[in-house]
K.L.:
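Take a look at the following structure, please.
All chains are named by letter (A, B, ...) in the order of the sequence lines, taking the proteins before the strands, and each is independently numbered beginning at 1.
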Amino acid sequence: MLLFFEQLLNGLQFGFMLFLLSAGLTLVFGVMNLINLAHGSFYMVGAYVAATVMLASGSFVLALLVALLVAAACGLLVEVIVLRHLYRRDHLDQVLATFGLILFFNEATRMIWGRQPLFMQLPEFLSSTVEVIPDVPYPLYRLVIIGVGLAVALGLYLLINHTRLGMRIRAGASDRSMIAALGVNIRWLYSLVFALGALLAGFAGVMAAPIFAVESGMGESILILTFVVIVIGGIGSIKGALLGALLVGLVDTLGRAFLPDLLQWLFTTSSANSIAASLASMSIYILMAAILAFKPRGLFPV
Amino acid sequence: MSSINRKWIFLLVCLSLLILLPPVSQTLDESYLISSMTRVLIFAMAAISLDLIVGYGGMVSFGHAAFVGLGAYTAAILSFHINDGSPLFTMPFAYDGTNQLWAVLLVAIGVAALVATLTGMISLRTHRIHFIMITLAFAQMLYYLFISLDYYGGEDGLPMMGRNQIPLIDSGDDTSFYYFCLLVLILFIILARRLVGSHFGRVLQGCKYNEKRMQTLGFNTYRYRLTAYVIAAMGAAVAGVLLANKTEYVDPGLFSWHLSGELLVMVILGGMGSIYGAVIGAIVYLLLEQIFSAYTEHWMILLGPVLILVVIYARHGIYGYLQKLNQNA
């Protein structure tokens, strides 16, 4: 039972990390109607920059700030140089161009940092454990991720629904030409939204760096999960992204943790393990296919 | 000279270049060219099958590699059992697998059609980006399924003991196999052109531009789109069988979203909705990959920006650009 709660926390933590990535992606899709396969690249950039700065300076706060800045700057550059030309294009063109961006970013990180994965140490003030559940020490850092995810969710809600900027973003999503005619600089608005998405992705990268290996191509495996999240949640909906991220995080983590034991009732140990491993990897795709089969536009269609 | 004539001359020149490739590369002592061009021809088949649904049906599948993988694994597994001596299944009758290409192709096409019908029935309920994502999801499921098949090599993949037997042809000889693939590719092009020009193909294109109108005209658009999806899957499976035969090795990477992405890139790069475009796209993409990788180990840093430039400046792909040149001339 204790193990279950621990895995539940792990699932929540993974879910909130996915949310940081999905929020930006769903925002960009909802406002600009742009499919950005290269969203995972900003996550990768964030992780690499944070790991490097941390190694050089030893300060986690500095690493976080620099990584956020670089990720947002990368996002801004990509938007101005490439994606700005593609808003009115077919989704297919966007898929192709952002696929090109992925190739570029992956190879660039390989040229700068080499093929060996980097590892990032946790700062001391985050590396302790807390007993959230009595007698089960749980890493503080993972709790911090949950906290950060909650804070970002709340912040985005306030930004989108209760500020002038948020109002403009919502207006831009529903009618681009109308809001441009009203005197809002829609180009900068789009650049800003895109940079915000990149910043959130970079944030997720920083958070992930101490947990996963920082390597070229790390963005893609998580990008696919992110797309699953926003499709489940309903594309363009931040609320859907939050719910979808938690659902995917929990199903994935709990599946990996408990399917082997469950299947041992049915099969021998070794085959149960291999079947469980593949079922666990498949579980979120099965979840997504099931949801789309009944709600073809996701849980919260916009 | 009329533009129609010019098109046929262009196609004939391309064809003769492809026919002349083996003797030329042998005289130049660069026989690896034959092997890498065989790969190009096979990917061209897969790209054509994808173009049928993307370019004509408006169904952007991001999981097309799954059917290539199914075809490849069919070939490898059937050949594995014949070499291993263990039966593939014993119920309702014992079956030992096969090493005959024609039988392998039939099984692969059957398997792909079955899987495509089942997944297509669900996928086609969705549209646009949701369709992209649900096809990706099904491909990922198969990817993880084949990773878990330890009996067939799991993550490490499964080597094939020699190629399947093709009547009248020595399939082990790279040059003969190249010509065989060229022949199959030409068949693919002819069949695909016939298909898109037929009544079925016209209805399919109608669904792409305005599905509601086609429904009002009394067409069961869902059924037409599903049929197209299944046909495309069968085509990809044929390409998969040949790919397994070419490399004599299969691994779960064949199902990966990266390969699905590359197939899409080929179709868009060449110019979708023309069949010839898919072929040109496959040739150009794989050649660019080879040329850049000859210059630098970091060839992707060049390929990425090239793709972006193509999207921004050549809106209808290479074939579209050629057509424009042709009309202006």
Side-chain angles (χ1 to χ4, degrees), chain A residues 29 33 35 37-38 81-83 85-86 89-108 110-111 217 220-221 223-224 227-228 230-232 234-235 270-271 274-290 292-298, chain B residues 54-55 58 60 62 119 121-151 154 256-258 261-262 264-269 272 296-313 315 317:
Chain A
F29 193 95
N33 197 17
I35 299 185
L37 291 185
I81 297 176
V82 180
L83 298 179
H85 307 284
L86 299 175
R89 295 285 191 86
D90 200 47
H91 283 161
L92 259 177
D93 286 349
Q94 300 167 353
V95 166
L96 180 57
T98 51
F99 189 81
L101 281 173
I102 292 185
L103 296 183
F104 177 81
F105 273 108
N106 280 349
E107 205 55 54
R110 234 171 270 155
M111 285 169 80
E220 276 102 271
S221 44
L223 174 84
I224 303 257
F227 268 113
V228 171
I230 68 169
V231 166
I232 286 179
I235 294 166
S270 68
S271 59
S274 79
I275 296 171
S278 76
L279 255 187
S281 309
M282 280 194 255
S283 58
I284 52 159
Y285 300 105
I286 297 173
L287 174 76
M288 167 167 140
L292 285 190
F294 293 103
K295 303 203 73 166
R297 291 163 58 78
Chain B
V54 175
V60 182
F62 207 161
T119 60
M121 275 163 62
I122 301 173
S123 307
L124 287 170
R125 289 171 45 85
T126 64
H127 287 92
R128 295 160 171 276
I129 169 109
H130 295 96
F131 182 79
I132 300 182
M133 288 300 142
I134 199 166
T135 47
L136 172 68
F138 281 122
Q140 290 289 101
M141 284 182 215
L142 285 172
Y143 173 69
Y144 290 114
L145 176 72
F146 277 87
I147 280 186
S148 76
L149 290 182
D150 287 334
Y151 189 65
S256 73
W257 74 281
H258 205 266
E262 282 187 315
L264 269 180
V265 166
M266 289 172 196
V267 170
I268 305 165
L269 182 69
M272 59 176 185
T296 162
E297 159 196 16
H298 302 292
W299 52 272
M300 280 201 263
I301 204 128
L302 297 171
L303 187 61
V306 167
L307 289 182
I308 297 170
L309 289 177
V310 168
V311 175
I312 293 181
Y313 293 107
R315 292 194 59 164

K.L.:
Can you tell which part of A:Leu101 gets under 4.5 Å to a heavy atom of chain B, answering side chain, backbone, both or neither?
P.N.:
both

K.L.:
Out of A:Val228, A:Thr98, A:Leu86, A:Ile235, which one racks up the most heavy-atom pairs below 4.5 Å with chain B?
P.N.:
A:Ile235

K.L.:
Below 4.5 Å from any heavy atom of chain B, which atoms of A:Glu220 appear? Answer side chain, backbone, both or neither.
P.N.:
both

K.L.:
Under 4.5 Å, counting heavy-atom pairs only, tell me which of B:Leu145, B:Val306, B:Ile132, B:Ile268 racks up the most with chain A.
P.N.:
B:Ile268

K.L.:
What part of A:Leu92 is in contact with chain B, defined as an atom under 4.5 angstrom from a non-hydrogen atom: side chain, backbone, both or neither?
P.N.:
both

K.L.:
For B:Val311 and A:Arg89, which heavy atoms make the closest approach, and how far apart are they?
P.N.:
O-NH1, 2.9 Å

K.L.:
Between A:Ile230 and chain B, which part of the residue has a heavy atom less than 4.5 Å away: side chain, backbone, both or neither?
P.N.:
neither

K.L.:
Within this structure, what is the CE-CG distance for the pair A:Met288 and B:Leu136, rounded to the nearest 0.5 Å?
P.N.:
6.0 Å

K.L.:
Working to the nearest 0.5 Å, report the span between CZ of A:Phe104 and CG of B:Leu302.
P.N.:
9.5 Å

K.L.:
Starting at CE of B:Met272, measure out to CG of A:Leu96 and round the result to the nearest 0.5 Å.
P.N.:
10.5 Å

K.L.:
A side-chain contact here means heavy atoms from C-beta on lying under 4.5 Å apart; do B:Met133 and A:Tyr285 qualify?
P.N.:
no

K.L.:
Judged by atom type as modelled, is there a donor-acceptor pair below 3.5 Å linking the side chain of A:Arg297 to the main-chain atoms of B:His130?
P.N.:
no

K.L.:
Say you draw a straight line from OH of B:Tyr144 to CD1 of A:Ile286; how long is it, rounded to the nearest 0.5 Å?
P.N.:
12.0 Å

K.L.:
What I'd like to find out is whether the side chain of B:Phe62 reaches to under 4.5 Å of the side chain of A:Leu37, using heavy atoms alone.
P.N.:
yes

K.L.:
Does any backbone or side-chain atom of B:Phe146 lie under 4.5 Å from a heavy atom of chain A? Answer side chain, backbone, both or neither.
P.N.:
neither

K.L.:
Nearest 0.5 Å, what's the CZ-CG distance between A:Phe99 and B:Leu269?
P.N.:
11.5 Å

K.L.:
Quick one: closest heavy-atom pair of A:Val82 and B:Ile312, and the distance?
P.N.:
O-CD1, 4.2 Å

K.L.:
Identify which part of A:Ile102 has an atom lying under 4.5 Å from any heavy atom of chain B, answering side chain, backbone, both or neither.
P.N.:
side chain

K.L.:
Chain B heavy atoms under 4.5 Å from A:Phe29: which part of the residue, side chain, backbone, both or neither?
P.N.:
side chain

K.L.:
Below 4.5 Å, heavy-atom pairs only: which of B:Val267, B:Val265, B:Leu264, B:Leu142 has the largest tally toward chain A?
P.N.:
B:Val265

